[in-house]
Amino acid sequence: MIVVTGASGHLGRLVIDSLLDRVTPEAVVAAVRTPEKVDDLAARGVVVRRLDYDEPATARAALAGAERVLLISASEVGRRVPQHAAVIDAAAAEGVAQFAYTSILHADRNPIVLAAEHRATESLIHDAGLPATLLRNGWYLENYTENLAPAIEHGTIVGSAGAGRVAAAGRADFAAAAAAVLTTEGHAGASYELAGHAFTMAELAAVLSDVLGREITYTDLPPVAHRDMLLSAGLPAAFAELLVDADRNVAAGNLFETTSDLEALLGRSPATLETALRAVLASAHAN
Ligand SMILES: NC(=O)c1ccc[n+]([C@@H]2O[C@H](COP(=O)([O-])OP(=O)(O)OC[C@H]3O[C@@H](n4cnc5c(N)ncnc54)[C@H](OP(=O)(O)O)[C@@H]3O)[C@@H](O)[C@H]2O)c1
């Protein structure tokens, strides 16, 4: 039995889809905070159990009988370590054969603010003695392919990432890699740096221009000006800080990687930025 947490989220749903290509639905548990959100998965035969990271007893119940567990990192920044600990403790009590965790690229040394909770979680997994597989996911392509409206409206993408390269990949590819790890042998103790095809923000603007058939530029701002622009656009201060910190780390090369770990797990090349942009714009056009 394979338990996937966060299965109602974007990545979780894609992991379940990929698992269903490989195993029968009765072997898959969608562990979710709100079971009604995944009635469609139940209708496909997936086992649905309630798991709220803030209620450790639900983690123990949701992991009963689990052989393999995928902990998809939680979404409330600042609260994630105790939330993840609830699932790690439940997996250790259950004696699972494999515990996979969606971490961040270079979690052990990445200075990006978001890496601190991933680093702490990886330590908890290690200390619990779990047979672990660390899926250190790079940035999602969707961070760049969704919410394009302001760039299209103003003809420019604004950021503070300089000429840094980001090795982003699509959620569907990270999900397929996770499903491969959960359904094949030889991944215990492995730590994968999962990276896609790298691009700079200027290259992002060039590819978007090509796909749209009109020029979109990249405007690079100093970090303080970038933060002020995000605040004036109405973003909450904490979120604006995280975005500026992310760009600072793209600029410094901390979200760049050249390993072929993702390609090896997929058995093919990950989707490119251009493919992803064409798909998003085709779907927007169709709707
Ligand atoms: N690499 C990247 O670029 C990147 C970008 C964004 C996020 N992330 C990380 O990757 C994770 C998955 O991404 P995503 O796109 O799938 O995020 P998402 O769509 O926001 O999904 C988050 C999932 O976490 C669940 N969740 C939140 N709080 C919970 C709680 N207390 N108990 C149980 N479940 C809870 C949500 O459940 P509900 O449906 O009940 O809300 C949802 O299923 C994120 O949570 C974040 O840690 C990575």
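Remember, it's 1-based here, ligands and their atoms both numbered in the order they're listed.
- When only non-hydrogen protein atoms are considered, atom 33 (C) of ligand 1 lies nearest to Leu51 O, 3.2 Å.
- If you number the atoms of ligand 1 from 1 as listed, the ones under 4.0 Å from a heavy atom of Gln83 come out as 31 (N).
- Of the protein's non-hydrogen atoms, the one nearest atom 19 (O) of ligand 1 is His10 ND1, 2.7 Å.
- Contact of the Met229 side chain with the Val158 side chain is registered, since non-hydrogen atoms from C-beta on lie closer than 4.5 Å.
- Closest to atom 40 (O) of ligand 1 among all protein heavy atoms lies Arg33 NE, 3.1 Å.
- Looking only at protein heavy atoms, the nearest one to atom 39 (O) of ligand 1 is Ser8 OG, 2.6 Å.
- Between the choices Val4, Leu11, Leu114, the shortest heavy-atom distance to atom 16 (O) of ligand 1 belongs to Leu11.
- For the 3.5 Å distance criterion, the side chains of Thr133 and His187 fail to qualify, holding no donor opposite an acceptor.
- Nearest to atom 4 (C) of ligand 1 by heavy atom, out of Tyr140, Tyr53, Trp139, is Tyr140.
- The shortest N/O to N/O separation between Gly6 and ligand 1 falls below 3.5 Å.
- Rounding to the nearest 0.5 Å places CD of Glu274 at 12.0 Å from CG of Leu141.
- Counting heavy atoms only, Ser73 comes closest to atom 9 (C) of ligand 1 of the residues Ser73, Gly138, Ala168.
- The shortest contact between atom 38 (P) of ligand 1 and any protein heavy atom is with Lys37 NZ, 3.3 Å.
- If you look at His84 and Tyr101, their ring centroids are closer than 6.0 Å.
- Of all protein heavy atoms, the one closest to atom 22 (C) of ligand 1 is Ser75 OG, 4.1 Å.
- The protein non-hydrogen atom at the shortest distance from atom 31 (N) of ligand 1 is Asp52 OD1, 3.1 Å.
- With no hydrogens or angles considered, no side-chain donor-acceptor pair links Thr259 and Tyr192 at under 3.5 Å.
- Atoms of ligand 1 lying under 4.0 Å from at least one heavy atom of Thr34, given by number and element, are 40 (O).
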